[in-house]
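Here the structure comes first, spelled out in structure tokens, and everything after it is commentary.
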Amino acid sequence: MNDPTPPFAAPVGTHDVLGPASAQWEGLISRFADWTYRYGFSLVLTPIFEDEGVFSRGIGEGSDVFRKEMYVFEDRGKRRYALRPEGTASVVRAFVQHRPTTPWKAWYVTPAFRYERPQKGRYRQHHQLGVEVIGTDDPAVDVEVIALADGFYRSIGLERLRLLINSMGHGACRAAYLAALSEYLEGHELSLCDEHRTQWRRNALRVLDCKRPECVTVTDAGPFLVDWLCEPCRAHFDAVVGGLAEVGISGTLSPRLVRGFDYYTRTTFEFVSDALDGAQNAVGGGGRYDGLTERLGGPPTSGVGFGSGVERLLLARTAEGRVDPLIERTLDVFVVDGGEGGPIGPLVERLRRAGLAVERAYDGRSLKAQMKVADRSGARLALLVGTEGPGSTVTIRDLRASESTQQRVPEHELVEALTDRLTKTRL
RNA sequence: GUGGGCGUAGCUCAGUUGGUUAGAGCGCCAGGUUGUGGUCCUGGAGGCCGCGGGUUCGACCCCCGUCGCUCACCCCA
């Protein structure tokens, strides 16, 4: 009973979600489920660990995530696995394995793991929600995915959002651009920042994403991918931007936006919140990955999707002053045992089976104590049973009204009476 | 990987230049007054002051180490 400090705590960079925070999570996730439903998506569940190759080939060995943030381990059968660092690669692997009819529209919410030092809005185990559409390169789908993200974000109260958008090209124009960029960087190697002076060859695109002034100066004067797009890629990008405008969504062309994973082709985008500061202002992002299925052993198949960090979204909501849980989780009735009737268990069960949200107290507490618990439970109504001896009537008491109002009701009319009162108190 | 800040009750925190039984508010429990909650009053439970070592007659306070939390840099959600 008098343990000093508990022997265990959640591991570094992980956290438990309970209390008011868990209501926010429940609300956020159910709201996201609503939005994906409207757009024709269905839920996909995949394991949180995969063969390491799913991620090394998927997100790319040149990505920072793979190089220094992967949670890899060997199991008892000496197989090398990795905890998923993001959502897309697993979903694409599942697509290749099961080959659902296309276009396949799947949504997910899942833990994701990055081995790095935790800080505000960034954890070793965090959670991501997102969608993927696999099996079409129609720019209308890019528009849908972005519109879904935008609509969902706004529905949870994020208003200070900006959409950044870019095209990474595909195939020949991407290759031609990479060659040009490499040639350019080679000539300006000495002017790059400390890290990229030696590392740029690993992944030249990452230099575009570098925020250090040395790199910015160099890349500003160099080639940008949007100027190198081939005709089909150009047309695709124009169709995406045009389609967004048609549905009333405006974005900013952001030629530096290359994102963290190697698999992106053509459309890439990111939503940043001006309510969050600096380095962690991205609340979500995604793009197209037209070569990813092949990398994972499938047929050439186009795909596009986006993902968002749940913790980051909640942080952004808070920063915008939104604390409401987005979902109603209020008890309808709290049953108080007056002690002079029979056991209240059967009555509580009957009400629950009738569809009401019902709670009660335990441990034989006093009437006063039960009323206190009832009050704090947030229930709309208290139901007092057995307060005036055994009988067939119970008392309904409104816990919300400032002037307490009570009504005695015969037990056989109880459900109707409660339903009736609840309808009134909700108005 | 690199730096800064912080570890005292379930929570938020006080704790005087080191000095005896370590405090407050909130929460929790019980009782009183409202027939029966919310307001108010009374009482109570709950702390090896993160952990280990050192200095000292004496350490929550000073020193060293350690673990943990947190914030920032890098990068990402």
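What you see is a predicted model, and the numbers here were worked out from it, not measured in a lab. Here is the naming used below: chain letters follow the sequence lines, and residue numbers restart at 1 for every chain.
- Counting only heavy atoms from C-beta on, A:Gln280 has its side chain closest to B:C75 among B:U36, B:A77, B:C75.
- With sequence neighbours excluded, the residues that form a side chain to side chain contact (heavy atoms under 4.5 Å, CB included) with A:Glu159 are A:Glu320.
- Between B:G23 and B:C71, the two C1' atoms lie 29 Å apart (nearest whole Å).
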Reading RNA chain B 5' to 3', how would its secondary structure be written in dot-bracket notation, given Watson-Crick and G-U pairs with both distances under 3.5 Å, brackets [ ] for crossing pairs and | for partners on other strands? (((((((..((((.....[...)))).(((((.......))))).....(((((..]....))))))))))))....
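- Separation of the P atoms belonging to B:G54 and B:U12 is 32 Å when rounded to the nearest angstrom.
- Residue A:Pro11 is the one, among A:Ser308 and A:Pro11, whose nearest nucleotide of RNA chain B lies closer to the 5' end (criterion: closest heavy atom).
- Counting non-hydrogen atoms under 4.0 angstrom, A:Val310 reaches nothing in the nucleic acid.
- Between the C1' atom of B:A77 and the CG atom of A:Leu28 lies a distance of 13 Å, rounded to the nearest Å.
- Checking side-chain atoms of A:Arg256 against main-chain N and O of A:Val216 turns up a donor-acceptor pair under 3.5 Å.
- Remark: A:Gln370 is not in phosphate contact with B:U36, judged by side-chain N or O atoms under 4.0 Å from OP1 or OP2.
- The P atoms of B:U8 and B:A14 are separated by 10 Å, rounded to the nearest whole Å.
- The side chain to side chain donor-acceptor pair (under 3.5 Å) test with A:Glu311 is passed by exactly one of A:His126, A:Gln125, A:His127: A:His127.
- Nearer to the 5' terminus of RNA chain B, by closest-nucleotide assignment, is the contact made by A:Thr14 (compared with the other of A:Gly309 and A:Thr14).
- Spacing between B:U21 and B:G65 at atom C1', rounded to whole Å, works out to 32 Å.
- Using a 4.0 Å heavy-atom criterion, one finds that A:Glu311 contacts no nucleic acid atom at all.
- Separating the CD atom of A:Glu116 from the C1' atom of B:U2 is a distance of 15 Å, rounded to the nearest angstrom.
- Using a 4.0 Å cut-off between charged side-chain N and carboxylate O, A:Asp34 and A:Arg38 make no salt bridge.
- When heavy atoms are screened at a 4.0 angstrom cut-off, A:Phe113 is found touching no nucleic acid atom at all.
- Nearest nucleotide to the A:Met371 side chain, out of B:A77, B:A72, B:U36: B:U36.
- A:Asp337 has its side chain out of reach of A:Arg360: every pair of non-hydrogen atoms, C-beta onward, lies at least 4.5 Å apart.
- In terms of the salt bridge (Lys or Arg N to Asp or Glu O under 4.0 Å) criterion, residue partners of A:Arg329 (sequence neighbours excluded) are, by chain and number, A:Glu26.
- Atom CG in A:Asp16 sits about 13 Å away from atom P in B:C11, given to the nearest Å.
- Not counting sequence neighbours, the partners of A:Glu186 by the side chain to side chain contact (heavy atoms under 4.5 Å, CB included) test are A:Trp200, A:Arg201.
- Within a 6.0 Å radius of CZ in A:Phe73, other residues, nucleotides and ligands contribute more than 12 heavy atoms.
- Atom-to-atom, CZ of A:Arg124 to C1' of B:C75 comes out at 14 Å; the value is rounded to the nearest Å.
- Here the P atom of nucleotide B:A77 and the CG atom of A:Leu164 are 12 Å apart, to the nearest Å.
- Looking at heavy-atom distances under 4.0 Å, A:Phe334 makes no contact with the nucleic acid at all.
- The side chain of A:Arg376 contributes an N or O atom lying less than 4.0 Å from OP1 or OP2 of B:C28.
- At whole-Å resolution of the value, CG in A:Asp398 and C1' in B:G38 are 13 Å apart.
- Look at A:Gln119 and you won't find any side-chain N or O under 4.0 angstrom from OP1 or OP2 of B:C71.
- In terms of phosphate contacts, A:Arg122 brings no side-chain nitrogen or oxygen within less than 4.0 Å of OP1 or OP2 of B:A72.
- Closest contact between the side chain of A:Ser366 and the listed nucleotides B:G31, B:A72, B:C69 involves B:G31.
- Using a 4.0 Å heavy-atom criterion, one finds that A:Gly121 contacts the bases of the nucleic acid, with or without backbone contacts as well.
- Comparing the P positions of B:C62 and B:C26 gives an interatomic distance of 30 Å, to the nearest angstrom.
- By the side chain to side chain donor-acceptor pair (under 3.5 Å) test, A:Gln97 pairs with A:Arg93, sequence neighbours left out.
- Nucleotide B:C29 holds its P atom 11 Å from the NZ atom of A:Lys368, rounded to whole Å.
- Taking the C1' atom of each, B:U2 and B:C75 are spaced 14 Å apart, rounded to whole Å.
- The A:Arg365 side chain lies nearest to B:C29 when the options are B:G38, B:C75, B:C29.
- Annotation: side chain to side chain donor-acceptor pair (under 3.5 Å) contacts of A:Arg117 (sequence neighbours excluded): none.
- Taking only side-chain nitrogens and oxygens, A:Arg117 never comes nearer than 4.0 Å to OP1 or OP2 of B:U70.
- One can place NZ of A:Lys372 at 8 Å from P of B:U39, the figure rounded to the nearest angstrom.
- To the nearest whole angstrom, the two P atoms, one in B:G15 and one in B:A24, are 15 Å apart.
- With both ends at atom C1', the span from B:C73 to B:U66 equals 25 Å, rounded to whole Å.
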